[in-house]
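I have placed the structure first, in the form of structure tokens, so that the comments after it can refer back to it.
Here the structure is a predicted model, which means the values were calculated and not measured. Both ligands and their constituent atoms are indexed starting at 1 by order of listing.
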Amino acid sequence: MSKAVVAVVGSAMMDLTAYAPVLPQPGETLVGDLFSTGFGGKGANQAVIAAHCGAEVHFIGKLGRDLFGDSIATNFSTLGINSYYLERTDTPTGVAHIWVDGAGENRIVIIPGANHEIESSKAVAAIESIEDLAVVIAQCEIRQGVSLATFRAAKARGSITILNPAPYQELTQEFLELCDWIIPNETEFRELHGQLPTSDEILREFRPGKNSVVTLGSLGAALINADGSIIRTSAPIVNAVDTTGAGDAFVGTFAYALASGLSSDKALALGIKVASLSVTKKGAQSSYPTQAEISTLS
Ligand code: RIB
């Protein structure tokens with residue numbers, strides 16, 4: 001397998017999570033089971049799982065000059081994630097307020113903070129200078145203009161671009177065309193396409209001539225190849241305690257696998273296995289399997 005070099009331009013957040021059997025209605029107060037503080041942010045989650053898989057990961061982002069920012073920077077360095085392009089600002093580090101119910105389903109409010117101050121010029125300079133850069137990933141928790149400039153630079157040098165359109169926002173045509181892969185979940189697919197991904201016909205109508213993967217929660221995922229062929233992979237049955245960050249686990253693993261030279265169907269299968277393991281533990285990055293665990297999956 002070739003060296004897998006992956007760059008992530010995206011968000012890093014501190015996740016503040018409350019767990020309760022049932023979530024409150026408007027105006028209601030309930031007693032929960034647990035509160036935890038953990039590393040999150042869709043970009044950081046994808047970077048971390050790609051690193052667990054064995055990729056050489058470069059994170060392009062921005063943190064506040066505060067305690068959350070310090071501990072996220074330390075976490076990246078402990079995991080060997082290249083943070084040369086991770087900047088700091090006086091704006092607070094992004095945070096995510098998360099509620100997880102008894103079925104492991106979440107509701108999330110993010111406050112992007114420093115994530116919204118990433119500069120296009122810095123991201124482009126990073127993309128242009130990373131050696132052997134195979135895959136570049138972006139999501140929608142930073143300003144779209146930054147991701148667009150990043151993908152333009154990535155395509156100019158021949159890297160593969162992967163967009164995880166989460167949380168959904170309207171995307172410009174130019175940006176969509178720069179995406180080699182788009183990986184939405186069912187809700188994001190409906191926003192992008194207009195219908196839920198309930199049949200192969202609907203899947204085929206999504207970006208004809210381009211590659212995509214739709215993640216389908218406990219049902220696994222469907223890969224839509226540029227030639228219109230569809231490959232479905234089911235997810236193993238697991239006891240889901242917290243689905244936070246599972247989509248990110250899939251995206252980061254898929255990116256690692258493509259960067260390693262694996263075929264897209266093998267990348268799909270590995271991504272589903274890693275994402276399924278992640279829902280069996282609480283938190284986002286805290287739920288991710290280790291490199292040793294991942295090496296037993298492939
Ligand atoms: O995708 C899960 C992530 O979304 C959480 O870690 C939270 O930070 C939000 O960004």
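Salt bridge Arg107/Asp101: absent, no basic N to carboxylate O contact under 4.0 Å. Using a 4.0 Å cut-off between charged side-chain N and carboxylate O, Lys62 and Glu119 make a salt bridge.
For Gly41, a nitrogen or oxygen atom sits less than 3.5 Å from a nitrogen or oxygen atom of ligand 1, counting backbone and side chain alike.
Taking the ring centroids of Phe59 and Tyr85, they lie at or beyond the 6.0 Å cut-off. Between Tyr19 and Trp99, the ring centre distance reaches or exceeds 6.0 Å.
By the criterion of a heavy-atom distance under 4.0 Å, the side chain of Met13, and not its backbone, is placed next to ligand 1.
Close approach of ligand 1 to Gly245 (heavy-atom distance below 4.0 Å) involves ligand atoms 2 (C). Short contacts between ligand 1 and Ala96, defined as distances under 4.0 Å to a heavy atom of the residue, involve ligand atoms 7 (C), 8 (O). Below 4.0 Å from some heavy atom of Asp15 lie the following atoms of ligand 1, by number and element: 5 (C), 6 (O), 7 (C), 8 (O). Taking a cut-off of under 4.0 Å to the non-hydrogen atoms of Ala284, the atoms of ligand 1 that pass are 6 (O).
When only non-hydrogen protein atoms are considered, atom 9 (C) of ligand 1 lies nearest to Glu141 OE2, 3.5 Å. Protein heavy atom closest to atom 2 (C) of ligand 1, with residue, atom name and distance, is Asp248 OD2, 3.3 Å. Asn45 ND2, 3.7 Å is the protein heavy atom nearest to atom 3 (C) of ligand 1. Ranking the protein heavy atoms by distance from atom 4 (O) of ligand 1 puts Lys42 NZ, 3.1 Å first.
A perpendicular orientation is assigned to the rings of Tyr288 and His52, their planes being inclined by more than 60° (bins at 30° and 60°).
The side-chain heavy atoms of Ile127 and Phe151, taken from C-beta on, include no pair separated by under 4.5 Å.
A donor-acceptor contact shorter than 3.5 Å links the side chain of Thr150 to the backbone of Val146.
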